[in-house]
**Student:** 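Structure below; questions to follow.
Side chains included, hydrogens not; waters and symmetry mates left out as well; all remaining heavy atoms used. All of these numbers come straight from a predicted model, not from anything done at the bench.
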Amino acid sequence: MNSPLGKPDNSMVYNMNYKQKGLCLILCMETFHKDLKEKGVGARNSKNDKKELESIFTEMGFEVRLEENKTADDIENLLTDIAKEDHSGRGCFACVVMSHGDKDFFYASDQEYQIDALAEPFRGEKCKSLFGKPKLFFIQACRGNKVDSGVVKDAGDLTTTACKIPTECDFLYSYATPLGYFAWKIPGESWFIQSLCKMLKENWQKRDLLQILTRVNHKVAYDYNKKKQMPCFLSLLTKELYFFHKTDQD
């Protein structure tokens with residue numbers, strides 16, 4: 001429910017009772033320009049990840065848009081255009097990035113793109129129809145070249161300008177790996193995206209997003225044994241997020 005004029009919405013659950021759960025933008029980079037190839041940024045295959053992402057987000061009620069091998073300018077323009085759309089009939093926005101990367105950036109098809117810049121068009125009042133709604137970013141990319149070999153474990157809703165909220169609130173960033181570490185994949189799929197899709201499929205109708213992401217962390221940490229990987233997430237959400245209509249009383 002929308003709040004009365006000038007009063008904050010005190011519900012602790014995001015309203016997802018919309019005709020469409022949200023827009024999910026998938027940015028997938030598999031081929032790169034010559035100058036990046038010369039720096040060692042090689043082609044990648046995300047066939048299975050794309051298939052699973054499109055399937056689960058469609059199942060959850062999202063409009064899914066797949067954009068592949070875009071330049072940095074293309075990505076900036078895409079995000080700016082999406083921020084200008086009318087999201088009043090949507091409950092949230094999600095963006096999934098799949099590419100190579102390092103530290104605080106991923107590679108567009110032609111150059112580096114700062115992860116922080118993904119959220120810029122949606123901050124504050126730049127996108128008023130997503131104001132007070134969740135903006136979710138899932139990043140499948142390396143954030144360094146450290147390899148985690150593991151250790152042996154011993155057995156044993158909308159407000160008005162009269163009610164101010166922080167510019168950075170209602171965002172969530174979910175990463176395949178912590179800063180400094182390598183993110184593992186095999187041809188066609190990655191540990192993180194496959195685990196994310198599986199945990200969403202099993203849990204989206206009964207658990208909130210942070211519970212689901214904790215299960216993603218557990219699956220990646222314990223189900224892959226050759227090397228280890230630890231996803232992580234930063235939540236600036238101000239309420240619980242369920243991908244089904246849930247109220248505080250449920």
Side-chain angles (χ1 to χ4, degrees), residues 24 26-33 35-57 66 68-69 94-109 111-116 118 136-156 172-204 207 209-235:
C24 176
I26 301 173
L27 296 171
C28 181
M29 265 55 72
E30 295 185 321
T31 61
F32 301 89
H33 289 197
D35 57 339
L36 289 183
K37 291 180 182 179
E38 292 173 349
K39 295 179 181 179
V41 182
R44 58 192 303 282
N45 179 354
S46 299
K47 178 181 178 181
N48 295 341
D49 284 349
K50 288 185 290 186
K51 178 181 177 182
E52 294 298 328
L53 284 167
E54 288 185 282
S55 175
I56 186 57
F57 276 94
L66 173 63
E68 301 182 87
N69 306 319
C95 177
V96 184
V97 175
M98 296 183 288
S99 185
H100 295 296
D102 195 354
K103 295 182 179 178
D104 55 0
F105 68 85
F106 66 91
Y107 284 104
S109 64
Q111 65 184 57
E112 298 173 6
Y113 196 95
Q114 295 296 311
I115 292 174
D116 186 61
L118 291 168
L136 316 172
F137 296 87
F138 303 91
I139 314 297
Q140 166 57 41
C142 292
R143 302 180 71 197
N145 54 22
K146 290 196 291 184
V147 174
D148 188 345
S149 297
V151 295
V152 177
K153 180 181 179 182
D154 292 338
L172 179 137
Y173 305 87
S174 179
Y175 300 94
T177 189
L179 187 64
Y181 281 89
F182 190 83
W184 294 97
K185 69 186 301 296
I186 60 175
E189 62 188 56
S190 60
W191 295 2
F192 172 62
I193 295 296
Q194 289 295 306
S195 299
L196 173 66
C197 292
K198 182 174 177 59
M199 292 299 99
L200 283 171
K201 190 171 186 64
E202 292 180 1
N203 294 284
W204 75 267
R207 302 188 191 281
L209 179 58
L210 299 191
Q211 291 178 313
I212 294 172
L213 291 178
T214 300
R215 283 162 170 75
V216 173
N217 286 0
H218 184 275
K219 180 172 177 58
V220 174
Y222 287 99
D223 283 9
Y224 298 92
N225 293 316
K226 291 184 178 180
K227 293 291 183 181
K228 305 307 294 184
Q229 180 176 322
M230 188 68 247
C232 61
F233 57 88
L234 170 65
S235 175

**Student:** So, taking the atom named CG in Leu27 and the one named OH in Tyr113, what distance separates them when rounded to the nearest 0.5 Å?
**Tutor:** 8.5 Å

**Student:** Taking all heavy atoms of Trp184 and all of Gln140, pick out the closest pair and write down the distance.
**Tutor:** O-NE2, 4.3 Å

**Student:** Can you tell me how far CZ of Arg207 sits from OG1 of Thr214, rounded to the nearest 0.5 angstrom?
**Tutor:** 10.5 Å

**Student:** Identify the heavy atoms of Gln229 and Pro231 that sit nearest to each other, and give their distance.
**Tutor:** O-CD, 3.8 Å

**Student:** Can you tell if the side chain of Asp116 reaches within under 4.5 Å of the side chain of Asp104, non-hydrogen atoms only?
**Tutor:** no

**Student:** Please lay out, stage by stage, how Cys142 and Thr177 fare under the test side-chain contact (heavy atoms from CB on, under 4.5 Å).
**Tutor:** CA-CA 7 Å; Cys142 292; Thr177 189; 5.7 Å; no

**Student:** Checking Cys232 against Leu234 for the side-chain contact (heavy atoms from CB on, under 4.5 Å) test, could you report, in this order, the C-alpha distance in whole Å, the side-chain angles of both residues, the deciding distance, and whether it holds?
**Tutor:** CA-CA 7 Å; Cys232 61; Leu234 170 65; over 6 Å; no

**Student:** To the nearest 0.5 Å, how far apart are CD1 in Ile56 and CD1 in Ile193?
**Tutor:** 12.5 Å

**Student:** If we only count heavy atoms from C-beta on, is the Phe192 to Ser174 side-chain gap below 4.5 Å?
**Tutor:** yes

**Student:** In terms of heavy-atom contacts, does NZ of Lys198 have more than 12 from other residues, nucleotides or ligands at under 6.0 Å?
**Tutor:** no

**Student:** Are the side chains of Leu200 and Phe57 in touch, meaning some heavy atoms are under 4.5 Å apart?
**Tutor:** yes

**Student:** If you round to the nearest 0.5 Å, how far is CG of Leu196 from CG of Leu213?
**Tutor:** 7.0 Å

**Student:** Less than 4.5 Å apart, any side-chain heavy atom of Tyr181 and any of Lys146?
**Tutor:** yes

**Student:** Can you name the nearest heavy-atom pair linking Ala183 to Ala176, along with the distance?
**Tutor:** CB-CB, 4.0 Å

**Student:** Closest heavy-atom contact between Cys28 and Arg44?
**Tutor:** SG-NH1, 4.4 Å

**Student:** Could you walk me through whether Met98 and Leu53 pass side-chain contact (heavy atoms from CB on, under 4.5 Å), step by step?
**Tutor:** CA-CA 11 Å; Met98 296 183 288; Leu53 284 167; 3.7 Å; yes

**Student:** Output yes when a side-chain donor or acceptor of Lys228 lies under 3.5 Å from a complementary backbone atom of Tyr224, and no otherwise.
**Tutor:** yes

**Student:** Measuring only between side-chain heavy atoms, which start at C-beta, is Met230 closer than 4.5 Å to Val220?
**Tutor:** no

**Student:** Side chain of Lys185, backbone of Asn45: donor and acceptor closer than 3.5 Å?
**Tutor:** yes

**Student:** Give me the atom names and distance for the closest heavy-atom approach of Val147 to Lys227.
**Tutor:** CG1-CD, 3.8 Å

**Student:** Please check if the side chain of Asp49 supplies one atom and the backbone of Glu189 the other of a donor-acceptor pair under 3.5 Å.
**Tutor:** no

**Student:** Would you say Phe106 and Leu118 make side-chain contact, with heavy atoms under 4.5 Å?
**Tutor:** yes

**Student:** CG of Leu209 to OG of Ser235: how many Å apart, nearest 0.5 Å?
**Tutor:** 8.0 Å

**Student:** Is there a side-chain contact (heavy atoms from CB on, under 4.5 Å) between Leu210 and Leu172? Walk through the geometry before answering.
**Tutor:** CA-CA 10 Å; Leu210 299 191; Leu172 179 137; 3.5 Å; yes

**Student:** Do other residues, nucleotides or ligands put more than 12 heavy atoms under 6.0 Å from Asp35 CG?
**Tutor:** yes

**Student:** Got a second to check how far Thr31's OG1 is from Asn69's CG, nearest 0.5 Å?
**Tutor:** 3.5 Å

**Student:** Assess whether a salt bridge exists between Glu30 and Lys50, defined as any Lys/Arg side-chain N lying under 4.0 Å from an Asp/Glu carboxylate O.
**Tutor:** yes

**Student:** His100 and ring pair (Phe, Tyr, Trp, His ring centres under 6.0 Å): which partner among Phe182, Phe32, Tyr107?
**Tutor:** Phe32

